[in-house]
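Residue numbers start from 1 in every chain, and the chains themselves are labelled A, B, ... in the order their sequence lines are given, proteins ahead of strands.
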2 protein chains.
Amino acid sequence: MTSSAARTSPRNGAGNGKAPRNDADEVGLDALVGHAGYAVRRFQIWIFQDFIKTLGAVDIRPTQYSVLTVIGANPGLSQMAVAKRLGIERARLVHLLDSLEQRKYVKRIKSKTDRRSHALHLTAQGETALARFKHLAAEHERNVEARIGRENRQQLLRILADFT
Amino acid sequence: MTSSAARTSPRNGAGNGKAPRNDADEVGLDALVGHAGYAVRRFQIWIFQDFIKTLGAVDIRPTQYSVLTVIGANPGLSQMAVAKRLGIERARLVHLLDSLEQRKYVKRIKSKTDRRSHALHLTAQGETALARFKHLAAEHERNVEARIGRENRQQLLRILADFT
DNA sequence: TATTGTTATACTCTATAACTATA
DNA sequence: TATAGTTATAGAGTATAACAATA
């Protein structure tokens with residue numbers, strides 16, 4: 001929400017001497033403009049908030065969605081493999097899976113070949129639900145497109161392709 | 001760190017029937033590829049980690065840097081104004097400023113005009129330190145450029161300009 | 001009444017370490 | 001000895017609510 005605030009007067013610091021206004025809408029950022037990290041962080045906040053809102057009716061957050069998607073595309077995966085792939089701590093994945101298993105979207109099945117590990121699968125209910133989630137996620141993606149433009153979204157995906 | 005893992009074989013799920021390999025480097029993402037939010041999140045993690053590492057010697061994190069930069073460019077700002085501008089909760093800014101004040105980078109000066117509020121200023125030491133931080137931040141920015149390319153970084157800044 | 005700074009609480013996420021059962 | 005899953009703890013970060021002083 002914060003990042004969608006009006007952004008009309010880009011800057012005012014640096015060159016104008018002193019005693020700046022105490023008005024939030026007139027605050028200059030200076031060196032922050034030109035920092036990729038700052039822009040990316042603000043955008044990431046916006047995009048996650050839109051995702052959470054768009055999938056609010058089904059109560060699915062970005063990380064939960066990514067876990068379901070990866071399991072759906074790679075049934076039988078171990079917890080370690082999912083954690084590694086998504087860059088999630090395995091300790092945290094335990095709790096994420098506890099929740100998804102409680103909601104009957106995911107099953108942990110004891111592996112026959114390595115009795116330490118679990119093979120992860122979607123339940124039938126999980127498959128159905130994921131289809132709906134994907135539909136809503138596509139709607140979210142259209143929101144992104146509406147916010148930054150079709151061309152810009154394409155370029156963004158291209159630029160960041162090898163971070164996925 | 002996780003996001004810099006080898007990314008050679010893009011996918012393998014969806015079309016190949018069943019019983020996929022249990023090997024983390026071969027896990028397909030499917031629907032996750034094509035989600036701007038996922039790419040942006042992974043990139044943001046990488047970029048923040050590089051920032052933290054590059055400014056590790058001076059022990060300054062991205063949020064601390066943004067607070068110092070905004071105060072440096074707009075001396076006399078109130079806490080509310082800084083919080084609003086950076087999208088930080090004012091409750092959280094209190095603790096951030098406590099830490100920066102303890103380290104002698106920032107002063108809280110009672111406002112004469114509105115005795116509820118504090119006018120924020122860098123100390124002389126804060127000014128000197130910030131100059132060094134900016135130098136290191138520029139080094140970080142060059143790391144970003146090296147990672148995604150000069151052209152791509154420019155485009156990214158252009159695309160996300162109105163989120164800053 | 002509303003706002004500024006503050007304190008406090010709760011929940012999410014990240015980072016570790018340690019434990020167990022297996023390998 | 002190393003690894004998979006689990007449990008626990010501590011630190012950021014976010015979201016709220018409430019309070020005192022002041023407007």
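When distances run from any side-chain atom of Arg115(B) to the nucleotides dG5(C), dG5(D), dA23(D), the shortest one goes to dA23(D). Comparing dA23(C), dT6(C), dG5(D) by their nearest atom to the side chain of Asp114(A) picks out dA23(C). Closest contact between the side chain of Ser78(A) and the listed nucleotides dG5(D), dT6(C), dT4(C) involves dG5(D). Across dT16(C), dG5(D), dA17(D), the shortest atom-to-atom separation from the side chain of Ala91(A) is found for dT16(C).
Rounded to whole Å, atom C1' of dT3(C) lies 10 Å from atom NZ of Lys84(B). Atom P of nucleotide dA15(D) and atom NZ of Lys53(A) are separated by 13 Å, given to the nearest angstrom. Rounded to whole Å, the distance from CG on Asp98(A) to P on dG5(D) is 13 Å. Rounded to an integer number of Å, the gap from CG of Leu77(B) to C1' of dT4(C) is 14 Å. The separation between Leu120(A) atom CG and dT6(D) atom P is 9 Å, rounded to whole Å. Separating the CG atom of Leu93(B) from the P atom of dT4(C) is a distance of 13 Å, rounded to the nearest angstrom. Rounded to an integer number of Å, the gap from CG of Leu97(A) to C1' of dT7(D) is 15 Å. Atoms CE (Met80(B)) and C1' (dT22(D)) sit 15 Å apart, rounded to a whole Å.
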(request) For side-chain hydrogen bond (donor to acceptor under 3.5 Å, both in side chains), just list the numbers for Asn74(A) and Arg85(A), CA-CA rounded to whole Å, side-chain angles, deciding distance to a tenth of an Å, and then say yes or no. (result) CA-CA 11 Å; Asn74(A) 308 273; Arg85(A) 186 60 190 89; over 6 Å; no
(request) Starting from the C-alpha separation in whole Å, work towards a yes-or-no answer on ring-ring contact (aromatic ring centres under 6.0 Å, His included) for Tyr38(A) and Phe51(B). (result) CA-CA 11 Å; Tyr38(A) 186 73; Phe51(B) 187 99; over 10 Å; no
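Taking every heavy atom of both residues into account, Ser66(A) and Leu86(A) meet most closely at OG-CD1, 3.6 Å.
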Output one line per pair: protein atom, nucleotide atom from nucleotides 10-14 of chain C, and distance, for all N/O pairs under 3.5 Å.
residue: dC13(C); atom: OP1; partner: Arg61(A); partner atom: NH2; Å: 3.2
residue: dC13(C); atom: OP2; partner: Arg92(A); partner atom: NH2; Å: 2.7
residue: dC13(C); atom: O5'; partner: Arg92(A); partner atom: NH2; Å: 3.2
residue: dT14(C); atom: OP2; partner: Arg92(A); partner atom: NH1; Å: 3.0

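The ring pair (Phe, Tyr, Trp, His ring centres under 6.0 Å) test applied to Phe48(A) returns no partner, not counting sequence neighbours.
Below the 3.5 angstrom threshold, one finds a donor paired with an acceptor across the side chain of Arg116(A) and the base of dT3(D).
Looking at which nucleotide of DNA chain C each of Arg108(B) and Arg90(A) is closest to, the 5′-most match is held by Arg108(B).
Atom OG1 of Thr54(A) sits about 10.5 Å away from atom CD1 of Ile47(A), to the nearest 0.5 Å.
Residue Gln79(B) has no polar side-chain atom (N or O) positioned under 4.0 Å from OP1 or OP2 of dT3(C).
Geometrically, Arg147(A) engages Phe163(B) in a cation-pi contact, judged by NZ or CZ lying under 6.0 Å from the ring centre and within 45° of the ring axis.
For residues 90-99 of chain A, the set of pairs meeting the side-chain hydrogen bond (donor to acceptor under 3.5 Å, both in side chains) definition, not counting sequence neighbours, comprises Asp98(A)-Arg108(A).
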